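Chain identifiers are assigned alphabetically (A, B, ...) following the order of the sequence lines, protein sequences preceding nucleic acid strands; residue numbering begins at 1 within each chain. None of these values were measured; they are calculated from a predicted model. All heavy atoms count here, side chains included; hydrogens, waters and symmetry mates do not.
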There are 2 protein chains.
Amino acid sequence: MQRRQAEQVAAARVRATGERVTPARLRVLAALLRRGEAASHHELERDLAADAIDRVTLYRVLDWLVGQGLAHRISSADRAWRFTAADRRHDAHAHFHCNRCGKVLCLDEVKTPRLPAAMPRGFRAEGLEVTVKGICAGCA
Amino acid sequence: MQRRQAEQVAAARVRATGERVTPARLRVLAALLRRGEAASHHELERDLAADAIDRVTLYRVLDWLVGQGLAHRISSADRAWRFTAADRRHDAHAHFHCNRCGKVLCLDEVKTPRLPAAMPRGFRAEGLEVTVKGICAGCA
DNA sequence: GGTGCAGATGCAACCCTGTTGCGCTTGCAG
DNA sequence: CTGCAAGCGCAACAGGGTTGCATCTGCACC
Ligand SMILES: [Mn+2]
Ligand SMILES: [Mn+2]
Ligand SMILES: [Zn+2]
Ligand SMILES: [Zn+2]
């Protein structure tokens, strides 16, 4: 998404929550919208380098965005979370995780199966994640 | 698995690798065999509390067991790895992760689908993980 | 356009999971 | 038995994320 459009969309979505509209929230959501792929905390810090936002504030803003349903948190094997703007439902498709560089992306064309009908006694299924692991184009 | 049997099986498997047979390797593998479910580093430390093993050694032994194919490493959303004795292939079935307590267990009856045939240009799929998230019996 | 205050921010210090470096110990081949 | 490569324990470190607390600010209310 273009810079200008990202800023406008971010402003509209943050306003729509009815919660406080702050520069950090606007800037972080716009940064997520500008990137297509899932971004780690570290990558976002770099994107926001000009007039940087505090490390902790960035964590808190990301939590808030996830809590508001404006962002998704994807956990990957390298123990670092990735975030995407909530343009899509991420429970309906699989995600790819590069074994080499840790990059994460949505495999929109790979659908996830439905929740398993039979669970062990007392267990309740709430969600399903399908992760394809391998080597990305950049690392091949 | 019973304590006595776990020790015997562990001894046989460690010997069979042709590598050095050390007390730490025997004790850790036996601990994994005694537990049915996936165990975190922390849980294993507690299991081995009597005459404890060094924290770093435990990490190194777990790495070694995984490298030898005697244990599987399962990564979960709480950023702590879990380990199981390699009695089963863990790429063929789904895993359950409790959203509340972090417990992980094998859903042997839930089979994973085959690797997706079509991947984005330049991407190579090597493995597939299916994770069901929800609330476990203990947390319900 | 003020004003008050809940809630957001920045900073420092912290926690958890896992690693690295290095000197000492030990399994085991010969 | 002996030598030594491999394994072990300890201390220090690293990355990713959290907590406590003082200060600042969006915005509801006037
Ligand atoms: Mn997705
Ligand atoms: Mn399994
Ligand atoms: Zn890659
Ligand atoms: Zn639970």
Side-chain angles (χ1 to χ4, degrees), chain A residues 10-29 31 38-49 51-68 70-71 73-83 97 101-104, chain B residues 10-29 31 38-68 70-83 97 101-104:
Chain A
R13 293 191 188 169
V14 172
R15 253 188 273 114
T17 64
E19 301 270 298
R20 283 205 195 171
V21 178
T22 70
R25 289 173 179 175
L26 296 175
R27 296 215 292 134
V28 173
L29 182 52
S40 65
H41 181 274
H42 199 65
E43 289 162 344
L44 288 168
E45 244 181 334
R46 291 184 56 255
D47 285 5
L48 299 168
D51 188 32
I53 217 173
D54 183 74
R55 223 169 66 81
V56 176
T57 301
L58 177 50
Y59 278 116
R60 294 201 268 229
V61 167
L62 288 168
D63 278 353
W64 182 86
L65 290 170
V66 170
Q68 295 296 323
L70 296 180
R73 195 198 316 264
I74 305 174
S75 58
S76 78
D78 64 2
R79 306 164 4 95
W81 294 333
R82 315 266 160 161
F83 298 87
H97 290 226
C101 69
K103 189 202 285 283
V104 173
Chain B
R13 292 191 188 169
V14 171
R15 252 187 274 113
T17 64
E19 301 270 298
R20 283 204 196 174
V21 178
T22 72
R25 289 173 179 176
L26 296 174
R27 296 215 292 136
V28 174
L29 182 52
S40 65
H41 181 274
H42 199 65
E43 289 162 342
L44 288 168
E45 244 180 332
R46 290 183 56 255
D47 285 4
L48 299 169
D51 187 32
I53 216 174
D54 182 74
R55 224 170 64 80
V56 176
T57 301
L58 177 51
Y59 277 115
R60 293 200 269 229
V61 167
L62 288 168
D63 279 353
W64 182 86
L65 290 170
V66 170
Q68 295 296 321
L70 296 180
H72 286 299
R73 195 197 318 262
I74 305 174
S75 58
S76 79
D78 65 0
R79 310 168 358 98
W81 293 333
R82 314 265 161 166
F83 298 86
H97 289 225
C101 69
K103 190 202 286 279
V104 173

To the nearest 0.5 Å, what is the distance between CZ (A:Phe83) and CG (A:Leu70)?
-> 13.0 Å
Below 4.5 Å, heavy atoms only, C-beta onward: do B:Arg13 and B:Gln68 meet side chain to side chain?
-> no
What is the bend of the helix from C:dG1-D:dC30 to C:dG30-D:dC1 when you compare the axis at one end with the axis at the other, using five pairs each and rounding to 10°?
-> 30°
What residues in residues 16-23 of chain A put a non-hydrogen atom under 4.0 Å from any atom of DNA chain D?
-> A:Glu19, A:Arg20, A:Val21
Taking only heavy atoms on the protein side, list every residue of residues 53-61 of chain B lying under 4.0 Å from any atom of DNA chain D, sorted numerically.
-> B:Asp54, B:Val56, B:Thr57, B:Arg60, B:Val61
Drop me the distance from A:Glu43's CD to A:Leu48's CG, to the nearest 0.5 angstrom.
-> 12.0 Å
So where does chain B start and stop touching DNA chain C, 5' to 3', when the test is distance under 4.0 Å to a non-hydrogen atom?
-> C:dT17 to C:dC28
Could you tell me whether a side-chain N or O of B:His41 sits under 3.5 Å from a main-chain N or O of B:Arg55, the two making a donor and an acceptor?
-> yes
Could you say whether B:His41 or A:Ala52 is positioned toward the 5' end of DNA chain C, judged by the nucleotide with the nearest heavy atom to each?
-> A:Ala52
Which distance, rounded to the nearest 0.5 Å, do you find between the CH2 of B:Trp81 and the CD1 of B:Ile74?
-> 13.0 Å
Flag, side chain of B:Arg82 to backbone of B:Gly102, donor-acceptor distance under 3.5 Å = yes
Beyond-backbone contact of B:Arg27 with B:Asp51, side-chain heavy atoms, under 4.5 angstrom | yes
How far does NE2 of B:His42 sit from CG of B:Leu58, to the nearest 0.5 angstrom?
-> 11.5 Å
B:Thr17 side chain near B:Trp64 side chain, heavy-atom distance below 4.5 Å = yes
If you measure from CG on A:Asp54 to CZ on A:Arg60, what distance do you get to the nearest 0.5 Å?
-> 7.5 Å
Give the first and the last nucleotide of DNA chain D, reading 5' to 3', that has any atom under 4.0 Å from a heavy atom of chain B.
-> D:dA5 to D:dG17
Atom pair OG1 (B:Thr22) and CD1 (B:Ile53), whose distance is rounded to the nearest 0.5 Å = 7.5 Å
Just by modelled atom types, is the B:Arg79 backbone N or O under 3.5 Å from a matching donor or acceptor in the A:Arg79 side chain?
-> yes
For A:Thr57, all residues meeting side chain to side chain donor-acceptor pair (under 3.5 Å), sequence neighbours excluded = none
Flag the pair B:Arg73 / B:Asp63 as yes when at least one side-chain heavy-atom distance between them is below 4.5 Å, and no otherwise.
-> yes
For the residue pair A:His97 and A:Asp78, establish whether any side-chain heavy-atom pair is separated by less than 4.5 Å.
-> no
